[in-house]
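Structure, as structure tokens:
Numbers restart at 1 for each chain; the letters A, B, ... are given by sequence-line order, proteins then strands.
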Amino acid sequence: MAPSVPRLRFAPSPTGYLHVGGARTALFNWLYARKFGGQFLLRVEDTDKARSTEESTRAIFEGLQWLGLEWDEPVVHQGANLERHRADAQRMLANGTAYRCFCTQEELAQRRAAAEAAGAAFKYDRRCDRLDRVEVERRVAAGMPFTVRFRVPEGSTSWDDLVHGTIAFLNKDIEDFIVLRTDGTPIYNLAVVSDDIAMAITVVMRGDDHISNTPKQIQLYRALGAELPVFAHLPMIHGMDGKKLSKRHGATAVGDYQHLGILPSAMMNFLALLGWAPGNDIEVMSREQMIELFDPSGLQKRAAIFDLKKLEWMNGQHLALISPDELLQRALPALVAAGYGSAEEIMARREWVFSLLELLKVRSRTIDEIVWQAAPYFNEQIELDAEAVRKQWKDRALTEAILRGALEVLSPLTEWNLTSTEAALNQLAARLDLVEKPGKLYQPLRVALTGRAVSPGIFEVLVVLGRKRAQQRLEAALLRLRQDEPTPD
RNA sequence: GGCGGUAUCGUCUAGGGGACUAGGACACGGCCCUCUCAAGGCUGGAACACGGGUUCGAAUCCCGUUACCGCUACCA
């Protein structure tokens, strides 16, 4: 059983960005630790120097931080533990659970090819384990290079997986695997076990592509005299075509979603639901609720398919939940990038921005959509959408009457708010006999005020625009209408 | 090939022997609300991979088959 204070770790290899599958694995590790009062640690598996990069390490940290998956102790770099890995291999050599193998890579490749040609499965034949002590010593003295191989014992290896239940392997199906290379560097399975023991990891939660590594690792724990952790193997994430999620499916890095205008809380919520369900038909959750409701027994065994549409819906739900402050904080960089002003300028109009965001977020699924919709309110000049103009300003005489009339009823207002502008426009509607057809009145106005056929309610637009700009836009529209006048078809 | 894993609507899932004419959500269609677009409400179509058992009774348990996925390196 898991001890009372569980320790878990997320152990990515820094060979790319933080993949959504990795992010979900990290998320479940984190949830488990938070739920049961344990620790969540981070270990960078950078033993593969050729493929590991600093940049990738940084990208992974950033992705985790963006999601809010804070780790509790300094990051462990696997590459720094080489001496311990080596010492552990020596320990196994000394206690007889491993042996030296002098077969070269070429010989092995040859035998493997021969076996395959004969239609048989290749498995190391243990020839070096049969060398007598004298011969081994002679070869070592002669400086012959060797690897260290683990001697897999008879019998079977099984464990009670937290998500799959009991999984068992026959040891005869596991070959004597190499644990230390000729150059004295460790193979993955040794490095992982050695580090997990050193970090006192009690729950190893990882992708189910590691299931077949697990019996080997269990043997290693035993050979090193260490207590076994609890294993939990999480399913993978697939793309819409049911294949393993890859670049072909579009964005796979969590950073991509950040730039698409997804909220971290929505991303977390969505990822959590991909492979776990709290039950009771609960779907939208804050991070606190997720921790509260998390239960490893609800972990899914089956690979899930990443559905962008649902992520977007989820984001819309979270947009509705977050505070104006948080929304502004998350949207600010995108607002600046869109050219709406400097961060200082935008923050100076904080209250106004709050009210604008409040109007736009309900009609948006992502921050990017909010930014796009915000253009007519931040920019001095608006672009008239040609399609909207064509459709809504079709009747030029009526449009002119509406614009002129709006200017007339709006100008004398002493108060400029939702109720006063509504009253004024109602008056205009009556005058133009459009009370029964409000769309005929409001749509042309909407185009004049925002340049678009879609916007928040017209009175809200008037208020957020402010009297001055609203009037300027109506006048500009009138002008534009006259310029375009001589266009009889 | 060998070994391992998985199998409920298109997708995410609820379900853990009778409460199932299988529930919810996304997506899709319709209706309502409505100045547009959203949001919201209501509503429709849509699934237990197949075959055998066990049982009075199976989506739920067991065994096969099939399909898909993973591993099978001196990669991680």
If [N] has a Watson-Crick or G-U wobble mate with both distances under 3.5 Å, name it; if not, just say none.
N: B:G18; value: B:C56
N: B:G51; value: B:C63
N: B:G44; value: B:C28
N: B:C71; value: B:G2

Map A:K301 and A:T47 onto RNA chain B by nearest heavy atom, then report which one ends up closer to the 5' terminus.
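The answer here is A:K301.
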Which residue, A:A303 or A:Q373, contacts RNA chain B at a nucleotide closer to its 5' end, judged by nearest heavy atom?
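First, find each residue's nearest nucleotide; the 5'-ward one identifies A:A303.
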Counting the atoms with a prime plus P, OP1 and OP2 as sugar-phosphate, which does [X] contact under 4.0 Å by heavy atoms, base, sugar-phosphate, or nothing?
X: A:I187; answer: sugar-phosphate
X: A:G207; answer: nothing
X: A:A121; answer: base
X: A:F169; answer: sugar-phosphate
X: A:A109; answer: nothing
X: A:N280; answer: nothing
X: A:P235; answer: nothing
X: A:G457; answer: base
X: A:E45; answer: sugar-phosphate
X: A:F459; answer: base
X: A:A304; answer: sugar-phosphate
X: A:T15; answer: nothing

Rounded off to whole Å, could you give me the [atom1]-to-[atom2] distance for the [X] and [N] pair?
X: A:N315; N: B:A27; atom1: CG; atom2: P; value: 13 Å
X: A:L308; N: B:A27; atom1: CG; atom2: C1'; value: 12 Å
X: A:I282; N: B:C12; atom1: CD1; atom2: C1'; value: 16 Å
X: A:E175; N: B:G2; atom1: CD; atom2: C1'; value: 12 Å
X: A:L462; N: B:U36; atom1: CG; atom2: P; value: 16 Å
X: A:K309; N: B:C26; atom1: NZ; atom2: C1'; value: 10 Å
X: A:I167; N: B:G70; atom1: CD1; atom2: C1'; value: 12 Å
X: A:N213; N: B:G4; atom1: CG; atom2: P; value: 15 Å

If the threshold is 4.0 Å, N to carboxylate O, is there a salt bridge linking [X] and [Y]?
X: A:R84; Y: A:D195; value: yes
X: A:K391; Y: A:E387; value: no
X: A:D196; Y: A:R43; value: yes
X: A:E283; Y: A:K310; value: yes

Output, in order, the C-alpha distance, side-chain angles, deciding distance and verdict of salt bridge (Lys or Arg N to Asp or Glu O under 4.0 Å) for A:E312 and A:K309.
CA-CA 5 Å; A:E312 288 175 345; A:K309 279 287 203 304; 5.4 Å; no
The side chain of [X] lies closest to which of these nucleotides: [options]?
X: A:P438; options: B:C35, B:A76, B:C26; answer: B:C35
X: A:S212; options: B:G24, B:C71, B:U36; answer: B:C71
X: A:A277; options: B:A14, B:G24, B:A76; answer: B:A14
X: A:D281; options: B:G5, B:A76, B:G23; answer: B:G23
X: A:R446; options: B:C71, B:A76, B:C35; answer: B:C35
X: A:Q443; options: B:U36, B:G70, B:U11; answer: B:U36
X: A:V362; options: B:A39, B:C35, B:G24; answer: B:A39
X: A:D173; options: B:U36, B:G2, B:C26; answer: B:G2

If you measure from the [atom1] atom in [N] to the same atom in [M], how many Å do you get, rounded?
N: B:G64; M: B:C28; atom1: P; result: 43 Å
N: B:U55; M: B:A14; atom1: C1'; result: 25 Å
N: B:C20; M: B:G15; atom1: P; result: 15 Å
N: B:C37; M: B:U60; atom1: C1'; result: 45 Å
N: B:U54; M: B:G44; atom1: C1'; result: 39 Å
N: B:C63; M: B:A27; atom1: P; result: 40 Å
N: B:G18; M: B:U13; atom1: C1'; result: 23 Å
N: B:G16; M: B:C61; atom1: C1'; result: 10 Å

Counting only side-chain N and O atoms of [X], is one of them less than 4.0 Å from OP1 or OP2 of [N]?
X: A:R112; N: B:A73; result: yes
X: A:R302; N: B:U8; result: yes
X: A:Q392; N: B:C37; result: no
X: A:R365; N: B:A27; result: yes
X: A:H164; N: B:U6; result: yes
X: A:R43; N: B:A76; result: no
X: A:Q317; N: B:G40; result: yes
X: A:S13; N: B:C75; result: no

So does A:D183 have more than 12 non-hydrogen atoms from other groups sitting under 6.0 Å from CG?
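Yes, because the 6.0 Å sphere around CG of A:D183 holds more than 12 heavy atoms from other groups.
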For the residue pair A:V44 and A:P14, what are the closest heavy atoms and their distance?
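That closest heavy-atom pairing would be CG1-CG, 3.5 Å.
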Classify the side chain of A:S455 and the base of B:C37 as holding, or not holding, a donor-acceptor pair under 3.5 Å.
no
Donor-acceptor pair under 3.5 Å: do we get one between A:E116's side chain and the base of B:G1?
no
Mind running salt bridge (Lys or Arg N to Asp or Glu O under 4.0 Å) on A:D125 and A:R111 for me, showing each step along the way?
CA-CA 10 Å; A:D125 62 8; A:R111 279 185 251 154; 3.7 Å; yes
Axial cation check for A:F146 ring with A:R139, 6.0 Å and 45° limits:
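No, cation not above the ring by the 6.0 Å, 45° rule.
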Calculate, to the nearest 0.5 Å, the distance between atoms CZ and CH2 belonging to A:R9 and A:W71 respectively.
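If I round to the nearest 0.5 Å, the distance is 15.5 Å.
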